[in-house]
Chemist: 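This is the structure I want to talk about, given as structure tokens.
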2 protein chains.
Amino acid sequence: MNTAPIIKHFSNYSPLSDSEISELKSKLIEKKVKRRQFILQEGDVCKHYTFVVSGCFKMYKVDDKGQEHNLQFAIENGWIADIGSFHTDKPSELYIEALEQSIVLQISKPDLIYLYSHYPKFDRNFRVLIENAFISLQKRVLQNISSTAEERYLYFLKSYPNLFNRISNVQIASYIGVTPEFLSKIRKSIATK
Amino acid sequence: MNTAPIIKHFSNYSPLSDSEISELKSKLIEKKVKRRQFILQEGDVCKHYTFVVSGCFKMYKVDDKGQEHNLQFAIENGWIADIGSFHTDKPSELYIEALEQSIVLQISKPDLIYLYSHYPKFDRNFRVLIENAFISLQKRVLQNISSTAEERYLYFLKSYPNLFNRISNVQIASYIGVTPEFLSKIRKSIATK
DNA sequence: AAAAAATCTTAAGCTAGTTTAACCCAAATG
DNA sequence: CATTTGGGTTAAACTAGCTTAAGATTTTTT
């Protein structure tokens, strides 16, 4: 099990001691996930926080008309989970699906709570994690209520320079909240500027 | 200083012991805020988490054209802060302004960190607090990328039944991301259904 | 290697939401 | 009490973004 990436990831926040590392390792579950495979489906309770070692995922909602709306992507060294479902134990409305062949490390809620209560550092690290997620989500809300689709597209390119050339424009369109046809128009208009 | 509401508020998460209560009390700063007064302005670092004892606030961004975009409201027993600025110590892009005469209890970052490190319960309570804020923000993002303005308006009324008859439609329009004129149209169309 | 499925683009017609401007009424201010 | 300010509505003209449909290309699956 390749745990080096997640240990390095935590060391960016506040480095882990040897005992914290060995406890963390004992709680992690490694999973190989094929392209198009789901690690969460609508109706299921989200039972794990998922750390991406390699590969790429999207989390999205399917609306009444059957259309997908991307809420989040995750690539190497990123986390993905339906935090709402995870913490409330209620069925999720979301799907998490691999866009590429991927390897992940998962941690269950009881194991996370165990780490929280025995090692305050995990408490702190996960709070910082969610604070950061909150901050970037807040920026996105502001963008959505105040910017044009073109501005949102440019902001996406700027914010995720390692992602945009790895996923299809269909996925980007679904993330910024426009149709693929309109994104195509935007891209043309940007190119001819 | 009227600290009963905040103590009751925390007891909804995980009740505080006597020593936790007295420590919390010693860290709180009470403030009376007049209508239209700011507790945060663009360019300033957000130095406090603010708990609303009575009254009402809006947090918003002013765009290049001078237009306001409401990110959040807070009424009795709610929290308000620019969490991004608070945690990074960077200047805020946001304003927090009282919509009514208000009374608040504020806690500074050093005091919050003190409470975190001495009393794990605050750690837990504030993590749950921010988790909940994250969850409702995520719902809002989904709404913004997948719903019409009318759906967003109806969802706002449903989500904030104690707020919509207390603030102006101009404020609601700014929150759901439409012009006041168009909200007026929406309201008419709903009324004649 | 062939077939199936997904991607990207273009274009015409349509709809949701904006802009500008004017008017009315209620509420805050001097 | 008089006046300014802000809130809510209406309407006409405009624009951003959607829908439907079709065609060319690439990628995935068999």
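Each chain gets a letter, A, B and so on, in the order the sequences are listed, and its residues count up from 1.
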Chemist: Between P on C:dT18 and CD1 on A:Ile145, what's the gap in Å once rounded to a whole number?
Modeler: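 Computing the A:Ile145:CD1 to C:dT18:P distance gives 12 Å.
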Chemist: Find the distance B:Lys58:NZ to D:dG7:C1' and express it as a whole number of Å.
Modeler: 13 Å
Chemist: Between C1' on C:dT9 and CZ on A:Phe182, what's the gap in Å once rounded to a whole number?
Modeler: 14 Å
Chemist: For B:Lys185 and D:dT9, what is the distance between atoms NZ and C1' respectively, to the nearest whole Å?
Modeler: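 Distance check: B:Lys185 NZ to D:dT9 C1' gives 12 Å.
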Chemist: Does the cation-pi check pass for B:Lys27 over B:Tyr114, that is, NZ or CZ under 6.0 Å from the six-membered ring centre and within 45° of its axis?
Modeler: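 Yes; both conditions hold, so B:Lys27 lies above the ring face of B:Tyr114.
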Chemist: When you check every protein heavy atom under 4.0 Å of nucleotides 22-30 of chain C, what one-letter string (B, S, -) results, 5' to 3'?
Modeler: ---------
Chemist: May I ask you to check whether A:Gln41 and A:Tyr95 show a side-chain donor-acceptor distance below 3.5 Å?
Modeler: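 Side-chain D/A pair, A:Gln41 to A:Tyr95: absent.
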Chemist: Using a strict heavy-atom distance below 4.0 Å, which residues from residues 153-180 of chain A are in contact with DNA chain C?
Modeler: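 Output list: A:Ser168, A:Asn169, A:Val170.
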Chemist: Would you call the rings of B:Phe38 and B:Tyr60 parallel, tilted or perpendicular if under 30° counts as parallel and over 60° as perpendicular?
Modeler: tilted
Chemist: Whole angstroms only, please: what is the CD-P distance between B:Glu97 and D:dG6?
Modeler: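 Taking atom P of D:dG6 as the reference, CD of B:Glu97 is at 11 Å.
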Chemist: Between A:Thr50 and A:Gln106, do the side chains contain a donor N or O and an acceptor N or O under 3.5 Å apart?
Modeler: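 Side-chain D/A pair, A:Gln106 to A:Thr50: present.
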Chemist: Strictly distance-based, threshold 3.5 Å: is any side-chain N or O of B:Ser92 a donor or acceptor partner for the main-chain N or O of B:Ser85?
Modeler: no
Chemist: D:dG17 P sits how many Å from A:Glu151 CD, rounded?
Modeler: 9 Å
Chemist: Nearest whole angstrom, please: distance from the C1' of D:dT29 to the NZ of A:Lys34.
Modeler: 13 Å
Chemist: Check this one for me: any side-chain N or O of B:Arg187 less than 4.0 Å away from OP1 or OP2 of D:dG8?
Modeler: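 Indeed not, no polar side-chain atom of B:Arg187 lies that close.
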Chemist: Which class fits the ring pair A:Phe156 and A:Tyr160: parallel under 30°, tilted 30 to 60°, perpendicular over 60°?
Modeler: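 The arrangement is tilted - the two ring planes meet at 30° to 60°.
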Chemist: What's in the same ILVMFWY side-chain cluster as B:Val170, cut-off under 4.5 Å, chained through other members?
Modeler: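 Answer for B:Val170: none, a lone residue.
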Chemist: Answer with yes or no whether the side chains of B:Ser17 and B:Glu20 bring together a donor and an acceptor at under 3.5 Å.
Modeler: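 Yes, side-chain donor-acceptor contact under 3.5 Å.
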Chemist: Is it true that A:Glu23 and A:Tyr119 share a donor-acceptor pair across their side chains at a distance under 3.5 Å?
Modeler: yes
Chemist: Please state how far atom NZ in A:Lys65 lies from atom C1' in D:dC18, giving the value in whole angstrom units.
Modeler: 10 Å
